[in-house]
Amino acid sequence: LFFNGILDPLYLYPADQQNYIISKTPGEGGAKADSVIAPSKDRVQVSYQVAVYYRLNTDLLRPFYEQFGLKYQAYTPAGWDRLIEDTFRQQLENAIQEETRRYAVADIYADAELLLKIQGSVQTTLSDRLELAMGKRYFCAPTFQTGGECNDPTFVIKKVDLPKSVVAAFEDNRTSEIQIKTKTNEVE
């Protein structure tokens, strides 16, 4: 308990770990199904379901309040959600799209190591873009402690979806390769 002052308003912000989830499962991230769409190097639309885990940098609470808290009324649940949607969503989409454009869809679909590389690159890019857009590093890793180092928020690719026609083409190709290998082994 503490005394805030007579008639002084009290503004509360989340000081614990927060998350921003984009999911096609309604209710998992938001009220509606959602995903981030990004074109691959070969112009196939890749759909991502992702999560970002972060903590508000309480060392910068006053400038955060003055610059964003008042503008969005971020001390209310609805205001906080609007702030996160306006700040995280834009930067997250841009970072995912930038990284996805570097790779062919076949590599994204088949290579788990590449997905980890994309995940790491987006995490770093997201932090840099948020800092550039907001002017300071207001969002840190979920392990952030007051007075400590403000590392990158944690970004996780939960699921990657491709258009059904592309997946069907990959499966047809795989079936053809298996049949060719089987026939080659029979001939030998």
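Here the structure is a predicted model, which means the values were calculated and not measured.
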Query raised in the report: Measuring from Gln90:CD to Arg129:CZ, what's the distance to the nearest 0.5 Å?
Result: 11.0 Å
Query raised in the report: Would Asp34 and Arg89 pass as an ion pair if we require N to O under 4.0 Å?
Result: yes
**Report entry** Interatomic distance, Leu132 atom CG to Thr125 atom OG1 [nearest 0.5 angstrom]
**Finding:** 11.0 Å
Query raised in the report: When rounded to the nearest 0.5 angstrom, what is the spacing between CD1 in Ile84 and CG in Asp81?
Result: 8.0 Å
**Report entry** Distance, nearest 0.5 Å, that separates OG of Ser35 from CD of Glu93
**Finding:** 9.5 Å
Report task. May I ask whether Val166 and Leu115 are part of the same hydrophobic cluster, defined by side-chain heavy atoms of I, L, V, M, F, W, Y residues being less than 4.5 angstrom apart, directly or through others? Result -> yes
Report task. Under the side chain to side chain contact (heavy atoms under 4.5 Å, CB included) rule, what do Asp152 and Arg137 come out as? Steps first, then yes or no, please. Result -> CA-CA 9 Å; Asp152 298 339; Arg137 199 168 178 99; 2.4 Å; yes
Report task. Please round to the nearest 0.5 Å and tell me the distance separating atom CD of Gln91 and atom CD of Glu131. Result -> 12.0 Å
Query raised in the report: Would Tyr54 and Val156 show up in the same hydrophobic cluster when neighbours are defined by side-chain heavy atoms closer than 4.5 Å?
Result: no
Requested in this report: Using the ring pair (Phe, Tyr, Trp, His ring centres under 6.0 Å) rule, collect all pairs that involve residues 116-138, keeping only residues at least two apart or in two chains.
Outcome: Phe64-Tyr138, Phe68-Tyr138
Query raised in the report: Any side-chain heavy-atom pair from Ile22 and Val52 closer than 4.5 angstrom?
Result: no
Query - Under the side-chain contact (heavy atoms from CB on, under 4.5 Å) test, residues paired with Asn151 that sit two or more places apart - result: Ala141, Glu149
Query raised in the report: Do you reckon Leu60 sits in the same ILVMFWY cluster as Tyr72, going by side-chain contacts under 4.5 Å, direct or chained?
Result: yes
Report task. Report the residues that fulfil ring-ring contact (aromatic ring centres under 6.0 Å, His included) with Tyr65, sequence neighbours left out, ordered by chain and then residue number. Result -> Tyr11
Query raised in the report: Below 4.5 Å, heavy atoms only, C-beta onward: do Leu126 and Phe139 meet side chain to side chain?
Result: no
Report task. Sort and list the pairs that fulfil salt bridge (charged side-chain N to carboxylate O under 4.0 Å, His left out) and have at least one residue in residues 40-65, not counting sequence neighbours. Result -> Arg62-Glu66
Report task. State yes or no: do Leu130 and Phe144 share one hydrophobic cluster built from I, L, V, M, F, W and Y residues joined by side-chain heavy-atom distances below 4.5 Å, directly or via other members? Result -> no
Query raised in the report: In terms of hydrophobic clusters joined by side-chain contacts under 4.5 Å, are Leu162 and Leu114 together?
Result: yes
Report summary line: Distance col, row Ile157:CD1 vs Ile96:CD1, nearest 0.5 angstrom, shows 7.0 Å
Report task. Please report the shortest heavy-atom distance between Gln45 and Ile37, naming the atom on each side. Result -> OE1-CG2, 3.0 Å
Query raised in the report: Tell me, do Lys136 and Asn57 make a side-chain contact under 4.5 Å, heavy atoms counted?
Result: no
Query raised in the report: Quick one: are Tyr48 and Thr100 in side-chain contact, heavy atoms under 4.5 Å?
Result: yes
Query raised in the report: Considering only heavy atoms from C-beta outward, does the side chain of Leu92 approach that of Phe155 to under 4.5 Å?
Result: yes
Query raised in the report: With a 4.5 Å limit on heavy-atom distance, are the side chains of Leu12 and Tyr75 in contact?
Result: no
**Report entry** Test item: Lys32 and Pro26 side chains (from C-beta on) under 4.5 Å apart, heavy atoms
**Finding:** no
Query raised in the report: What residue pairs, at least two apart or across chains, pass ring pair (Phe, Tyr, Trp, His ring centres under 6.0 Å) with a residue in residues 104-129?
Result: Tyr109-Phe170
Requested in this report: Locate the shortest heavy-atom distance separating Glu85 from Tyr20; write the atom from each residue and the value.
Outcome: OE1-OH, 3.0 Å
Query raised in the report: Quick one: are Gln123 and Pro153 in side-chain contact, heavy atoms under 4.5 Å?
Result: no
Query - Ionic contact status for Glu99 with Arg102, cut-off 4.0 Å - result: yes
Query raised in the report: By side-chain contact (heavy atoms from CB on, under 4.5 Å), which residues pair with Pro14, not counting sequence neighbours?
Result: Asp16, Gln18, Trp80
